[in-house]
Structures are given as C-alpha cells and as structure tokens.
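Just so you know, these numbers use all the heavy atoms, side chains as well, and skip hydrogens, waters and symmetry mates. Chain letters run A, B, ... following the sequence lines, proteins first and then strands; every chain starts at 1.
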Amino acid sequence: MTFLEALLQHSPALVIATPLLSAFLLPLVGRINAKVRDVFALVMLGVTCCFVGLLASDVLSHGPRVYIFGAQNLNVPLVRILFEVDSMGIFMAIITVMLAVIAVIYSWSFLRREDGLDKYYTLLLLVVTSALGMELTGDIFNFFVFLEISCIASCALIAFWVAEGEALEAAFKYIVISSVGALFILFAIGIFYAQYNALNIATLAHLLQFTFLDKFALVILLVSLGMKAGLAPMHMWLPDTYGRAPPSIVLIIMSATLASFYGILRVVFTFYGNVLTTSLRFSLPAHVVIGWILIALAIVSILIGVIMALVQTDLLRLIGYVAVAEIGYMFLAIGASVASLGAPYATVALHGGILHIFNDAVDIGLLFLVAGAIYYVTKKRSLDDISGLARTMKFTTIFFMIGLLAVAGMPPLNGFTSKFLIYESVYQLNPILSIIALLGSILLLAIFVKVLYAAFLGSELPALKGVTEAPKSMLLAMGFLAGFAIFIGLFPNLLLDTLVKPAASALLDHAQYISMVVGGL
Amino acid sequence: MDNRTVAGILVFSIVAVFFLFSVFLIHPFGEPGPVQMDDYIITHTQNETGTNNGVTAVVFDYRGFDTLGEATILFSAVAGVLLIFRKVRH
Amino acid sequence: MFSLESGSGFWNPLLWILVLVITFLLFYGIRGFGKSTYKKGTEQTKVFLSGNKETTPEEMHIKASNLYWGFTTSMKSLYSVLRKMHSGNTSDYILWFVLVLAVLFLILGVL
Amino acid sequence: MIEYIPFIAVVAMILIGLYAVMFRRNLIKIVIGISIIESGVNLFLIILGYRDGGVAPIFTSLPPGTKYPEEMVLPVPQALTLTSIVIGVAVLALMLSLVMHIYRKYGTLDVQKIRRLKE
Amino acid sequence: MTKIVKTTANILFPFTMIFGLYVIAHGHLTPGGGFQGGAIVVSGCALLLVAYGSSWVFDRIKDKRLAAFESLGAIGFITIAFLGLVFSAVFFGNFLAGSETIFGTTPATGSTLSDFNTGGVLPLMNFAVGVKVIAGLFVIVLVMAYASSIKELS
C-alpha cells in the first residue's frame, strides 16, 4: 500500500481531524505571533482542502466510501461510529471549505484592528469542522453532536462585537433557537433508538417501518432542521444573526446553515427513502404530502424574504432577508422533487436545488463581503447614511453588481442557471409555483436596484469624503467569489456534470447508501 | 388574554397531546425492545476493550468519536466565554 | 456541451452572449446617427427643469428608506401584519417553531 | 399504565421547559426552561435503557450470580446522556454569560424589552 | 467570607481534590471518568472561589494559563486518537488493549476484581479529558465569577 493509498483510506477521518487539531493548537500558536497565527489557520484549511479534494476525486470515481472509527471491519451490530462519504456529502464539504478559505482571507484585513483574534480563528475552525462533520457522518447521534458544536461556536462568533448590545441580542436569540431545536432532534434520536436499537443512519433507514412514531420523529426532524436552515416562518433569527455578526463570519455561519439544509435532504431522501412511497390514508403517497409541506413552507419563505427585504434600510439585514428567500428557492426545488418522485422532472428539480446550494453560497456570500467592505470603510450600517460610493470604491461596485445580478437570477450569471432548472421543473408540477418563483426573482432585482442606487450611485455625501477602496485581501476574497459567479454562469455544465449530477443520483439511490453498510455485514 | 397567549396555548396543547400520545407507543419502562447492539457491547466489553466498565467502553472506545466532539464542545464553550469576556482584565 | 438541458428546454450562455453582443453592436450603429449633431458645451447639454433652478446633488439624492414609497404604501396592510409577525421577541420565535410543529403534527397525524 | 409513568414525567418536563421558554419574560427563566427541556430529554434517553432489576454494566465486583447481558442495563443510552449533559453545561455557560452582558447593555432582563432587532 | 467558611473550605478542598482525581484515575474500573472527576475537582475550586472571592483566585491563577492547559488536554486526547491511526491503522483504534504492555492486561470474563492495569488507551483518554475538563470548567467559572464581581464589563 503506497502512502497515497493510506492517506486516501484515512482521509474521511483526516478531513475532520486536521481542522480540529489546528483549532486545538491555535491558542498556543497565537501566543507566538499574530502573523504566524493567520498563516497557520490558512495553511491548515489548505491542508483540509487537499484532503477534501483527494476524497472527492475518489468518491466521484469509485462510489461511496465508509470509514469506521476504532475498528478495521464492519461487524454484526453496528456499535461503532462510521463515516459514510457519498457524492452529496462531498459536494457540501467542497462548498464548506471554499467558504472557509475565503472567509479567512477576508478576515486578514477586515479584523486587523480587533482583539481576541486567536479565539476568533479557533472558533472559525471549529464551525468549519462541525459543518464538515455534519456532512460526512453516517451516525445520527454524531450528527447531533456536530450540530451542537456548530451552534455553540457560531453563537460565540456572532457575539464577536461585544461592545454592541445588538450583537449580544442576536447571539442570545441564536443559541436559544438552536439549542431548543437540537434538543428536539435529540428526542427524535431517542425515539429511533427505542424502536430499532441502532444509531447508524444506514441501518435505521434499512429498518424503518413508518409507524406513527417514525412520522412523529420525521416531523420533529423536519421542523428543527428547517429552523436551523432558516425556513419561514421560523426564519426570524436569520436576519438578526446575519445582520449583526461580522460579515466574514456570516460565510461560516452560512456553511453551518447549509449543512442543516443538507440534513433535511439526508432525512427525506436517505433516512425515509425506503418508505417515501408508502400510501397514507386517502391513498395519498407519503412523498406527495412531505413534498407539498416543503413547497408550502418554501413559498412562504420566498415571499416573506423578498417582501421584508424591500423595506429594510440596514444593508446587512437586508441581505439576511434575501438569504431567507434563497433558502426558499432551495426548499421549493427539493419539495417539487419529493412531491413528483419518479417523474422525469423530479431529477431536474433536484439538480436545480443542489446547484442552487452552491450558487446561494457564492452569491449571498459575495453580497455579504461587499456589505462588509462598505461597513469597513464607512463604519455605517444604514443605507440612508451612505451614497455615491461608486466614485471611490470601483472594484467593490463591480463586485456588488455581479452579486446583484447573480442573486436576482439574471443571465448569464450563475444564479440564473439553477433558477432556470427550478422554474422549468416546477412549472411542470404546478405553473403557479413557477410564477411565484419568478415574481420573487423580479422583486429581488428591485431590491438590489434600490441598494445600488442608494449606496453606490448618487452624489457624494460630505461625511464620506475620506473613503477609500477596501484593502487588497478583502478585494481578493470578493474577486474569488465573483469569479466563481461568472465562471459557473458561463459554463454551468462543468459543475453540473462533475458534482451536481452524482450528488443527485447519490441522494435518489438510497439503496446504495444502505447497502454500503448493511450489505457489507 | 391577547391573541398571542391564545394561539400559544392552543399550539402548546396540540403539541402536548401529540407528545403524550407518542410516548405511550414506545416500549414500556424496564422492557426494552430490540437490544442487539447493547447486548453485543456488554458481552464483548471485556475482551475487546479490556475494561470492566461498560459505559466507559462505550464513551471512549465504541463511540470515542462522539467524546471527541463532546470535548470539542467544551473547548468551544471555553473559547466562546473567553471571547465574550475578553475585555475583562485586571 | 455548453448548453444546459432541463428536459423541456435548454439554456446556452454563450449563445446568449453572442446575441447580446450583436444587439449592442446594432445599437452602437444606431447611436452613430445622432452623434454627429451632438456638441459639448452648448445649450444642448444644459439641464432643463421646466424653468426651475437646478438643485445641488445633495438635495437631488433620494434616501434608501424613501425609495419604493408607492409600493410600500399600497401594501400597507400586508406590511403591518408582517411587521407584527417579526416582533423580535425570542419567545415568539419559539412560538412560531411550536406552531409549525403543531401544524405538521396535525397534518401527518390525520393522514 | 404504571410502567409509562417515567415517560409521562419526560413529557411533563419537556412541556414545562417549553412553557417557560414561550411564556416567561425573564431571560434567566428562559435559560432555566431550556435546562429543564434538556433534563427531560436526558431522562428520556436514560429510561429507554433500563431493564427490570438490572445492575450497572460494570464488571468490577459484580454481585456473584448476576446473569449478563440479561440483568444489566443498556450502556449506550448512558453514554449518550453523558455527552448530552456536557453539551448542556457548555450551552448553559455560554447563555448565562450572554445574559450577563445583555443585562449590562440593556439594563433589563425582560425579553419583551430586549428587541432592538425587529422587523 | 467569614473565617468559618474559609476554614471549612481549607479542610474540604484537599479531600475534594483527591476524590476527583480518584474518580478520574479509576474511570475504566468504577463509575465515573474524566468528565465526572473533572467536575468534582472544579467543584472544589468553586469552593475556593466562594470562600476567598474571585479576585483573590484571579490574582493567583491566570485564565490564559488555564486556557492553554485546556488546549493541551484536547491536544492530548486527539493525539491518542492519532496514535491509534499509527499503531493500529485506524483512527481511534485501541492499540494498547490486549498488548500486555502498559494498561494492556485483558481482564477475565465476568465479575472480576479491579485491576488497574487494564483498559488500553481508555485510562490515558480519561486523564486527558480530566485535565481538559478541570481547566475548561474552572476557567469558565472563574471568568464568570470575576466578571460578575466587577462594575464595568468591556
């Protein structure tokens, strides 16, 4: 066995262990020198990226990979924790590490004058670890543990600007919401354990009967994870949090939020994959009911998100509401895909939904970084106080326009590619849904035209005379995301064929996920 | 009573009814249903992990990765508390 | 290879850009017709506001909260409901969570 | 009925905690409510693993004649509860330190007054 | 606090310490382990905080040093997991169990007397977690107690 093969064999563990070890080491490294600490955080994330890339290349070509902690082989009752990495998990892991690297690069300049940065980088690495763990794990209690890590570490990061009361308020709201949600998830795990005496996702999915208790647990899991993902009407924490956390942190919290969204995908498609086609009362198949529940909540999210964003004056909070609407688009695609399971357009909807996860991360992330750059140079949050920034901040303006058009789903940027797939497939399920989705996009364009006019165009305010362009590392981070937005907009098939289609087939093929573990016994 | 209280009590009682109804479907106290995983652990603790304590064997060996996560949670809580109180110095 | 198939339609960004470039060229050509009569620094380029005096740029700028005034005013009833819903109270957030929980329990409990 | 009393206690604890989070106005009481929910869930996990007349799954000085595994309680729920308790401690520490700061900034612990972030 | 409290704390503190360390050390034999023993030790330290006041303790023990100790405990824990990767070719492998070296005795099946030299890596992990929990919980209690005793935060 060569070194590379050994590395590949252990890479699922190393993907988690590397950022975790570096988070533990960082307080000690931070005592040496601030510069060393910054470089250390970036280098360790780079190493994690390498492991994720190695794992991705293997998983995409050879199918899912199972890693058992503490034993060489699977043995009869699955007592040990195991990681099961399939194309969907690795797709999310790629998004997570991408956002993390960009956030670290951005933080270099953005938080240069702050103190408490070694704690900041420690917690950042912990959130990244937890998101990766949620995405790769094959054990439901382990999922809960990682969910709690992300909850606690992100809560502390939201309160980073302790001098502002609002940041503390947002952090308190976040931790109340997420700990209540997480406790309900633990209750659902207890129900599974009581019925089947197993904690492994594949084993549970194999044994699941869809009894009343299973339905009960499904509702708890859907609602709790939906709240963590920012689904309306449980989305209120999201604008509060996104609006008050440092914008570099928002990228990291967003990766945790998307990991919760991934949790819903896993629950619906893999966990309940065997029983989705069971008939309930009135000969309604279960997947239709679940799908339409998700669609209804998604429509509410889109409408509330855009309508509330239209009247916001705080730029960061406005983008927070837009993020709610974008989450709604993902849920719309997933709901349509579940509701029409088996139809040819269900796969298209799923492709659209999964591609939209990536596009949402890129576009909303770009907008937050731009808003953070504006806050960095002007120290003002309200759109009423800023004007005419395009004269001094040329690059930022260009990046903002790219983000604006991408979020609003204007061709040829990346937002359009996924929304195109969503509109086309949802139209075949029900044309009204498609119309609402389009209306949401139009309102999104209106919102950002308002921001463009208020912040960047117009005359220069006397209070903003000394404004200069944002520092280089911030521009670099924004440039990366803008480059992604353009590139994926021009060559959508590149991403669709290499990552999204395998991810969608991995989700739909729950039998393979189960047989990787259960069949190996 | 305002609208919020009425709505709150209503949804609260619905959730309460469903919770109460559900727990009666779980196996009775003291008679767990399937136990294959736990029986395996009890019978194999001593020769697989070499420890007499079944709970410690689960915590640190069979589900050791969870314990790593748990230690991480404590670590992040400490980092978070120190971050929030970072201005508190002598 | 570059076109995105959705089963019922397709989308090709390169084709779209080609069309966009051709359109821009067309408009550039049309613009050329009027360009010859345009002269800088004459009466042509002065701002004319029905005889009123031109205001300073600071006064011309409309603040963000005043934009879309018509839309928000016509949707006043909707916005009052939504503002009441986003109360900012932590307990209300949990209340919404329990509400959705109750509704979904009812749906899946009945079915 | 009698064998379901522990489960009823679990539901009662979860509901009392939820009630405190939903209807109490003091931040400290909300924190206590979350703590009660957590205790309820921990109790739920523990009672899932009980076997009638079982002893702890520890072999050191085990009473002679004990048949195992039939007379030992299940070890996995205990391990899960242990993890859950530590998580609860961490969440509690963070929440209380946030409450301390909020009180200094807002001058109140009333949750209806701590809402600068709204709409 | 009064002299009675201080004297009681002085007498109780060493016993609490010893009991906590006993619970940590015998985690693989008797009920308890790193977390529980660490919590007992920290309760002894909290007794000091109550008796002598937080600024007295804050003068003697630096929170930065405690946080560094906590990092060391966490690094120790993950290092043992990595050693499993090296010696038994799997992350979290129990490479010491059954190796007949340190902590490597396999106990007889069924009821046995306590043999300290068993458990493989479990006692080591208990120790690492114990260090981590002592330092971590103590720094939380210390910082929160000190912050609540002063007038102005930040």
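When all heavy atoms are compared, the tightest approach of D/Ala90 to A/Ile152 is CB-CD1, 3.7 Å. Shortest non-hydrogen contact noted between A/Leu186 and D/Ser84 is CD2-OG, 3.5 Å. Between D/Leu94 and A/Ala156, the closest heavy-atom pair is CD2-N, 4.3 Å. Across A/Leu168 and D/Lys105, no two heavy atoms sit closer than the pair CD1-CG, 3.8 Å. For the pair A/Lys173 and D/Leu117, the tightest heavy-atom approach, listed with the atom from each and the gap, is NZ-O, 3.3 Å.
For chain D, the nearby parts of A/Val176 are the backbone and the side chain; heavy atoms of each come within less than 4.5 Å. With a 4.5 angstrom heavy-atom cutoff, D/Val111 does not touch chain A via any of its atoms. Contact annotation for A/Leu199: only side-chain heavy atoms (C-beta onward) come within less than 4.5 Å of a heavy atom of chain D. Residue contact with chain D, scored on non-hydrogen atoms closer than 4.5 Å, involves the backbone and the side chain of A/Ala171 alike. Of the atoms belonging to A/Ala170, heavy atoms from both backbone and side chain fall under 4.5 Å from chain D. For A/Phe172, the parts lying under 4.5 angstrom from a heavy atom of chain D are both the backbone and the side chain. Heavy atoms closer than 4.5 Å to chain D are found in the side chain of A/Asn197, but not in its backbone. When heavy atoms are compared at a cutoff of 4.5 Å, A/Tyr193 approaches chain D solely by way of its side chain, counted from C-beta outward. Heavy atoms closer than 4.5 Å to chain A are found in both the backbone and the side chain of D/Leu80.
Contact of the D/Val10 side chain with the A/Phe187 side chain is registered, since non-hydrogen atoms from C-beta on lie closer than 4.5 Å. Side-chain contact between D/Ile14 and A/Leu183 is absent, with no heavy-atom pair separated by less than 4.5 Å. Within the 4.5 Å cutoff, the side chain of A/Glu169 has heavy atoms near those of the D/Arg115 side chain. With a 4.5 Å cut-off on side-chain heavy atoms, A/Phe144 and D/Ile87 count as touching.
Between chain D and the residues A/Arg317, A/Arg244, A/Met308, A/Gln312, the largest count of heavy-atom pairs under 4.5 Å involves A/Arg317.
The neighbour count for D/Lys29 NZ, taken as heavy atoms of other residues, nucleotides or ligands under 6.0 Å away, does not exceed 12.
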